[in-house]
Amino acid sequence: MVGISKRIARKDQKAITLYRDLYRVPQDVLDSFTDPLNIVNHFANEYERVMKQAGLSIDWSRRFTTVEPTYSKFIEWQWKHLNEAGHVVKGAHPVRYCPQCENPVGDHDLLEGDKAEIQKFILILFKYGDVTIPCATLRPETVYGVTNLWVNPNVEYVRATVDGKEWILSRDAMYKISLQDHEVTELGVISGSELVDKTVSHPLCGEIPILPAVFVDPDMATGLVMSVPAHAPYDYIALRDLQQKGKYTDIKPVGLIKVDGYGEFPAVEAVEKADIINQDDPNLETLTQEVYSAEHATGKMYDQYGGKPVKFARDEIGQMMTEKYGSFIMYEFDTRPVVCRCGSRVYVKVLHNQWFLEYSDPAWKQQVYDQLATMELVPPEVRIEFDRTVGWLKDWACSRRIGLGTKLPWDQEWLIEPLSDSTIYMAYYTIAARIKKMDPAILTPEVFDYIFLGKESPGLPQRSELDAMRKEFLFWYPYDFRFSAKDLISNHLTFQIFHHCSIFPKNLLPHGMVVFGMGLLNGAKMSSSKGNVYLLEDAINDFGADTVRMFLIGSGEPWQDFDWRNELVSSTKKQIERFSSSVREAYAAGESPVPIDRWLISRVQEHIKEVTRAMENFQTRQALQEAFFGLESDLKWYRRRLGGSLSGGKDILQEVSTIWVRLLAPIIPFTTEELWGEMGQQGLISFAPWPEADETRTDVDAEIGEELLARTVEDIESLLRIIRLKPRQVTICTSPEWKWEIFSMIASATDKKNVMREIMQKEQVRERGKAAADAVKNCTTHYHRLSSELVDQVISNQPDEITIFTAAQKFLETEFGVPFTIVQAEECSHEKAGYALPFKPAIIIE
RNA sequence: GCGAGGGUACCAAAGCCAGGCCAAAUGGGCCGGACUUAAGAUCCGGUUUCGCAGGAAUUCAAGGGUUCGAAUCCCUUCCCUCGCACCA
């Protein structure tokens, strides 16, 4: 926020365009953004306004910002406890730093190099007489293979004391090191050429010469480089160049790592194979990457150097160098330059007296692991990531110099970093509405101790108000679910468990978390800097709140990324309109009850169950599918069975309508509210009770009957399509009794392989000969094509197919426009009658 | 590089953990038909290929394996998304 306000204040064109044009902040409000608090307030108000437009039910009385004095008191209380628990420790920390502004710089303050990362080089200290020559490396394990150092003969180096000892290094390096926690004084200069051919030594590689190389960059680390020609292509090339001129021919590469797919000297091989000509070859960079990756991935140190995989050896040897040979870390950007907005170069500075949250503490981690194990995570797949994060978290720098927020209670120089101060604010929400009426001055730690921990202290102010807050806190806590986006797993969502574990007693610790996906716009990430942004408010104005809600819910479950595409949204609008007219039509349907009423109301019970189950599992997309399309397609079938209009079933349809709108009320509240009113229902639908499934109205017979009918209609249709014949009449032949027996034997058989033999042993089956054998085969195929659930229902109910089809005869005749005959297969002489199977009658089209 | 999650038909997306209910739900798009003066809306059907009898063949990133049987289990490869720290 401070960064934004500064940019607005100095009339930064990009920032102004962003807020004025993209977020449409009015000019007078924008002018006030020079005070960061105005930015906070403006957007807080905006969000509230738009959320209301979207129809979200939010208790705004609890709204607060993390910069309010009352909230600061809460944070101070929290940190007092964290400190007393020993979770806050002091240390040093590297940051991007601008010497001209004398401040750490954030991403937005950079003119150039915002992608640059801070790398940790380890300095290998070579001895040149009494003088130290430091070389920086990311690969300390290669120290055994050093054959020489490289110095740039065209560069002027400096002699300086570093922490009391004399060093030779580049001028840039001297300055960098001086920012990184080291005492540095310049003594004089020395040209690179003077160092050429001098000899240095290190205990791990012995005496080696310094050779000239122009590729050495004085602005890269120390400006002096150790050479490992066996494993570093640059080093090999530089050495080869010299040797081709007949110099230093006695220097031979020293191999120390065995790598799959390479011989003794991987770098040598790679360079020769790629036909690299000289040190300036642009391919050298990618080649280096290749060799380094291969060595890191599959490399193993030779036995005399420990025999471990490079992955592990690197850290171990680095540590050994630090402990035994005086090596230490030097921080450097991986890409340069990094430039501050003020135009000055940015360096890595080690900040002292930095405060850390000690997430590395194994005891604290253990508490978090234990809690996590008891928590319900949605979706469950994220558990692995949480567990990994807890294991991987190191100490977190939790204080900073600039910005808004709360000061550390015991060290007023530092502000508490925003991620660190927003870890348990869910607890604050529970009391926010009440506490904001209180004077911050009386909010001592004892007050919060009472509200959150129930701890008594003498002289607590406004006792009844505190009791009310305690009661409210205990009403909400422990909370059931914390909702946030998946990119916060590796910080906020994990931090908050740490902090809860530290502050609250076990019975008040979190019960679960729901992790959301991210939003895409037209397939691309939303990004204000790229202008790929579509404001919620615009969407609502363009399409209506219900359409926006239903589209978003329909496009994926909460934890999946959703993709907003304008051209797809308008069909959602049509669907809602279709829904409205269906409900209106159903509510105004004809009088008399009809036989399929039983079926419809039975189906509705199932939908209620499914929608409720989905909602309880946060499967909002699934809930929408069931509630909207599931019910809609049943209504379509119902209406089709009535001959295309809702000419009957008034009572049932009215009941179904009121259920349907309530099932959809959470998704499209505005539309359903209106329909609710039209139906003459009392009160708001938002407060109407959620529909409950009534098991006694589930009617398996009716459902099986309709299922059989629908399947048969489909069969007839597909037959008509294939034979392209104008039918004169259709005969439906239902399965004979003995096939039902076979069918249920197949269904109940435990040993599916031998069921055939078993069945054929039956007298009344065998006497039918080949027809029986075919029937068994067909029944088996048929059995596998039906869902096991349906088979169970069909077997246990054995529907009377003749009655079902006879009852639907009129319907069938209207559908297909031809007369239907319904008979038992055994009473039909047509050869096709033999096709009849249980739940799959033979169809004869003539 | 490290860690996590993915790749299903024109698109989105279920199915995968618990192999046979899967040529693969559902929605969208597109195509055809009905209704209509017409358009829209609505309804019905189609949307891998072949088929004048309900069938067959080939499909779920690619390749291999296990199995009577694989979208689903195992291995390898390729590709995508997210996180990697002081930044909210």
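As a basis for the values below, the full set of heavy atoms in this structure was taken, side chains included, without hydrogen atoms, waters or symmetry mates. Naming: A, B, ... by sequence-line order, numbering from 1 per chain. Source: prediction; values computed, not measured.
Between A/Glu707 and A/Arg711, at least one side-chain nitrogen of the basic residue sits less than 4.0 Å from a carboxylate oxygen of the acidic one, meeting the salt-bridge criterion.
Taking the six-membered ring for Trp, A/Phe483 and A/Phe618 have ring centres closer than 6.0 Å. Aromatic ring centroids of A/Tyr347 and A/Tyr331 lie 6.0 Å or more apart.
Of the candidates B/G5, B/A88, B/U26, the closest approach to any side-chain atom of A/Arg400 belongs to B/A88. Nearest nucleotide to the A/Arg621 side chain, out of B/G54, B/A25, B/G5: B/A25. Which of B/G6, B/G3, B/C87 sits closest to the side chain of A/Glu385 comes down to B/G3. The listed nucleotides are B/A53, B/G28, B/G45; the one nearest the side chain of A/Glu717 is B/G45. Nearest to the side-chain atoms of A/Ser571 among the listed nucleotides B/G54, B/A88, B/G29 stands B/G29. Candidate nucleotides B/G54, B/C87, B/G28 were compared by shortest atom distance to the side chain of A/Lys840, and B/G54 ranks first. Closest to the side chain of A/Ile384, out of B/A4, B/A53, B/A85, is B/A4. Looking at the side chain of A/Trp392, the nearest of the listed nucleotides B/U26, B/A53, B/C84 is B/C84. Between B/U26, B/A41, B/C87, one nucleotide has an atom nearer to the side chain of A/Asn491 than all others, and that is B/C87. Side chain of A/Ser490, nearest nucleotide from B/G28, B/A25, B/G83: B/G83.
Across the strands present, B/U76 finds its partner in B/A62; the criterion is a Watson-Crick or G-U wobble pair with both atom distances under 3.5 angstrom. The pairing partner recorded for B/C43 is B/G33, the criterion being a Watson-Crick or G-U wobble arrangement whose two distances lie under 3.5 angstrom. In a base pair of the Watson-Crick type (N1 to N3 plus N6-O4 or O6-N4) or a G-U wobble (N1-O2 and O6-N3), with each distance short of 3.5 Å, B/G51 is matched with no nucleotide. In a base pair of the Watson-Crick type (N1 to N3 plus N6-O4 or O6-N4) or a G-U wobble (N1-O2 and O6-N3), with each distance short of 3.5 Å, B/C86 is matched with no nucleotide. In a base pair of the Watson-Crick type (N1 to N3 plus N6-O4 or O6-N4) or a G-U wobble (N1-O2 and O6-N3), with each distance short of 3.5 Å, B/U67 is matched with no nucleotide. In this entry B/A4 has B/U81 as its Watson-Crick or G-U wobble partner, both defining distances falling under 3.5 Å. Nucleotide B/C16 forms no Watson-Crick or G-U wobble pair with any nucleotide shown, as no partner meets the under 3.5 Å limit on both distances. Using the Watson-Crick or G-U wobble rule with both distances under 3.5 Å, B/A9 pairs with nothing in any strand shown.
Residue A/Arg578 places at least one side-chain N or O under 4.0 Å from the OP1 or OP2 atom of B/U42. Close to B/A4, at under 4.0 Å from its OP1 or OP2, lies a side-chain N or O of A/Arg388. Distances shown here put every side-chain N or O of A/Lys486 at or beyond 4.0 Å from the OP1 or OP2 atom of B/G5. Considering only side-chain N and O atoms, A/Gln622 lies nowhere under 4.0 angstrom from the phosphate OP1 or OP2 of B/A13. For the OP1/OP2 pair of B/G28 and a distance below 4.0 Å, the side-chain nitrogens and oxygens of A/Gln575 include at least one atom meeting the criterion.
At a threshold of 4.0 angstrom between heavy atoms, the contacts of A/His93 include nucleobase atoms, whether or not backbone atoms are also involved. Nucleic acid contact for A/Pro841: base, since at least one base atom lies under 4.0 Å from a heavy atom of the residue. The residue A/Ile843 sits close to a base: some heavy atom pair falls under 4.0 Å. A/Leu624 comes within 4.0 angstrom of nothing in the nucleic acid, heavy atoms only. The residue A/Ile845 sits close to a base: some heavy atom pair falls under 4.0 Å.
Side-chain polar atoms of A/Thr406 and A/Asp421 form no donor-acceptor pair below 3.5 angstrom.
Rounded to whole Å, the separation between the P atoms of B/G15 and B/C73 comes to 13 Å. When the P atom is used for both B/A25 and B/G20, the distance is 16 Å, rounded to whole Å. Only the C1' atoms considered, B/C22 is 16 Å distant from B/A57, to the nearest whole Å. Nucleotides B/U47 and B/A39 have their C1' atoms positioned 25 Å apart, rounded to a whole Å. Comparing B/A13 with B/U8, their C1' atoms sit 9 Å apart, to the nearest whole Å. To the nearest whole angstrom, the two P atoms, one in B/C17 and one in B/C75, are 14 Å apart. Rounded to a whole angstrom, the distance from the P atom of B/A4 to that of B/U76 is 15 Å. Here the separation of B/C68 from B/G19, taken at their P atoms, is 15 Å to the nearest Å.
For A/Tyr835, there are no ring-ring contact (aromatic ring centres under 6.0 Å, His included) partners two or more places apart in sequence or in a different chain.
Of the possible donor and acceptor atoms, none in the side chain of A/Glu385 sits under 3.5 Å from a partner among the backbone N and O of A/Val382.
Remark: C1' of B/A85 and CZ of A/Phe498 are 14 Å apart, rounded to the nearest angstrom. In this structure, A/Gln560 atom CD and B/A13 atom C1' are separated by 7 Å, rounded to whole Å. In this structure, A/Gln619 atom CD and B/A14 atom P are separated by 10 Å, rounded to whole Å. Between the NZ atom of A/Lys636 and the C1' atom of B/U26 there is a distance of 11 Å, given to the nearest Å. Counting to the nearest Å, the P atom of B/G5 and the CZ atom of A/Arg383 are 13 Å from each other. Counting to the nearest Å, the C1' atom of B/U42 and the CZ atom of A/Arg640 are 14 Å from each other. A/Met518 has its CE atom 12 Å from the C1' atom of B/A88, to the nearest Å. Separating the CZ atom of A/Phe628 from the P atom of B/A14 is a distance of 19 Å, rounded to the nearest angstrom.
Taking the six-membered ring where the residue is Trp, A/Tyr425 and A/Phe64 present perpendicular rings, their angle passing 60° and hence far from 30°. Ring orientation note: the planes of A/Phe498 and A/Trp364 are nearly perpendicular, at an angle over 60° on the 30°/60° scale.
Within 6.0 Å of NZ in A/Lys90 there are more than 12 heavy atoms belonging to other residues, nucleotides or ligands.
Residue whose closest nucleotide on RNA chain B sits further toward the 5' end, between A/His830 and A/Leu419: A/His830.
Between the side chain of A/Asp487 and the base of B/G83, no donor-acceptor pair under 3.5 Å is found.
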